[in-house]
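Have a look at the structure below, then the notes.
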Amino acid sequence: MGKPPNLYSFPSADELAASLRLFVLDAQNSALERHNVFRVGVSGGSLPKVLAKALLEANNGEGEVQFGKWEIFFADERCVPLNHEDSNYKLVKEEILDKIPAEQGIPKVFPIDEKYLDDVQEMADQYEQTLVAVFAARDSVKLPMFDLLLLGCGPDGHTCSLFPGSPLLRETDAWVLPISDSPKPPPKRITLSLPVASHGIKIGFVATGGGKKDIMKQIFDTEEGRQLPCGLINTFAQERVSWFVDYPAIEGVSFPARRGSL
Ligand SMILES: O=C1O[C@H](COP(=O)(O)O)[C@@H](O)[C@H](O)[C@H]1O
């Protein structure tokens with residue numbers, strides 16, 4: 001039995017962002033030592049705004065974000081055009097990519113291919129092929145291993161586009177899965193499968209605001225919460241998982257949180 005996930009809590013978004021920055025830098029530097037590239041899977045929702053603060057504003061001189069060596073993938077994506085309001089790519093682009101100072105380099109970004117917007121299965125298959133091309137063929141590695149996965153937690157405990165009770169949670173083979181009836185709009189999406197989402201070298205969750213406190217209590221303090229998608233990643237990835245939360249998001253949570261430090 002490994003160690004439990006790390007739960008770090010902060011009084012303010014600024015303090016959370018500063019620690020998240022250190023966490024990302026640490027993952028980046030280890031990855032660059034290993035293979036001179038940093039492969040990151042990012043989510044949409046509330047995450048990109050916090051991540052932008054961490055990467056672009058919270059610089060205390062403790063290390064450089066080397067965006068030129070980043071490869072950015074999407075932990076999940078909505079099957080909409082890349083310039084659509086619901087697109088996770090658009091969100092990440094506007095919050096982060098468009099604001100990177102030129103001297104920090106240009107990341108290589110892997111958005112979905114808009115050609116397949118009408119066919120979610122084809123979209124998922126094509127995105128999986130993108131991962132195969134980067135992470136090695138499926139017959140040589142069982143699962144792609146991201147250097148870092150940065151995930152959100154929905155108020156129902158979903159993460160990526162893996163929703164509570166979904167049969168997709170039982171998938172053991174595919175790397176990327178299609179969804180045509182997401183309970184949260186828009187209905188058509190693709191998502192990393194649970195085995196891939198649990199397989200990152202490091203996995204960082206960000207959850208902020210009082211709207212998350214009920215689900216955080218379930219995930220960390222109850223048996224049924226451990227069966228929710230976020231809870232399953234905690235169980236499978238254990239100490240490879242670190243949660244970055246603000247105090248309102250963990251009000252009433254009994255699981256021990258480390259306050260204000262990494
Ligand atoms: O639909 C989605 O929701 C989750 C959670 O979003 P949040 O706004 O509650 O943080 C997000 O992580 C995912 O990428 C997105 O597609």
Side-chain angles (χ1 to χ4, degrees), residues 7 9-10 13 16-17 20 24 40-54 72-97 109-112 117 120 123-124 127 146 148-166 168-169 176-194 196-198 200 202-220 225 228-234 237 241-246 248-250:
L7 179 57
S9 70
F10 305 89
L16 189 160
L20 181 61
V24 174
V40 193
V42 295
S43 300
S46 54
L47 177 93
K49 204 182 247 325
V50 182
L51 190 58
K53 207 180 238 307
I72 301 179
F73 302 83
F74 290 84
D76 73 317
E77 182 55 287
R78 289 89 177 273
C79 293
V80 294
L82 296 175
N83 62 0
H84 190 282
E85 280 311 309
D86 288 334
S87 162
N88 285 343
Y89 168 79
K90 177 178 158 78
L91 193 58
V92 171
K93 180 174 181 299
E94 290 178 350
E95 291 289 348
I96 302 172
L97 304 176
V109 184
F110 294 84
I112 55 167
L117 286 177
V120 280
M123 181 69 89
Y127 206 70
F146 286 91
L148 177 63
L149 286 163
L150 290 165
L151 306 180
C153 167
D156 57 354
H158 83 270
T159 190
C160 306
S161 283
L162 296 166
F163 289 88
S166 166
L168 298 186
L169 294 170
V176 182
L177 297 168
I179 296 123
S180 46
D181 56 354
S182 161
K184 175 179 172 183
K188 291 183 180 177
R189 297 159 172 241
I190 61 165
T191 183
L192 295 181
S193 63
L194 185 60
V196 176
S198 309
K202 293 276 180 202
I203 300 168
F205 277 98
V206 175
T208 55
K212 298 275 162 87
K213 72 179 181 194
D214 292 343
I215 198 65
M216 288 296 289
K217 187 157 179 56
Q218 269 196 60
I219 291 167
F220 279 93
L228 293 169
C230 292
L232 291 169
I233 293 183
N234 276 350
V241 181
S242 295
W243 285 76
F244 294 83
V245 302
D246 61 5
I250 51 153

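Every number for a ligand or one of its atoms is a count from 1 in the order of the listing.
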In the protein, what heavy atom is nearest to [atom], and what distance, to one decimal place, separates them?
atom	result
atom 16 (O) of ligand 1	Asp76 OD2, 2.6 Å
atom 1 (O) of ligand 1	Arg78 NH2, 2.9 Å
atom 4 (C) of ligand 1	His158 NE2, 3.2 Å

Residue [X] vicinity, atoms of ligand 1 by number, heavy atom under 4.0 Å:
X	value
Cys153	9 (O)
Lys212	7 (P), 9 (O), 10 (O)
Cys160	13 (C)
Arg189	1 (O), 2 (C), 16 (O)
Ser43	12 (O), 14 (O)

Ligand 1 N/O within reach of Gly44 N/O, cut-off under 3.5 Å = yes
What closest approach, in Å, do Leu192 and Val176 show between heavy atoms, and which atom pair accounts for it?
-> CD2-CG2, 4.4 Å
With sequence neighbours excluded, what pairs up with Lys217 under the salt bridge (Lys or Arg N to Asp or Glu O under 4.0 Å) test?
-> Asp221
[X] side chain to [Y] backbone, donor-acceptor under 3.5 Å:
X	Y	answer
Lys212	Cys153	yes
Ser43	Leu150	yes
Thr208	Val245	no
Glu77	Tyr89	yes

Closest to atom 10 (O) of ligand 1 (heavy atoms only, candidates Ser46, Gly154, Gly152, Ala75) is Ser46
Identify, with sequence neighbours excluded, every residue that meets side chain to side chain donor-acceptor pair (under 3.5 Å) alongside Asp156.
-> His158
Under a 4.0 Å heavy-atom limit, does Thr159 contact ligand 1 with its side chain, its backbone, both, or neither?
-> neither
Distance col, row Asn234:CG vs Phe220:CZ, nearest 0.5 angstrom, shows 4.5 Å
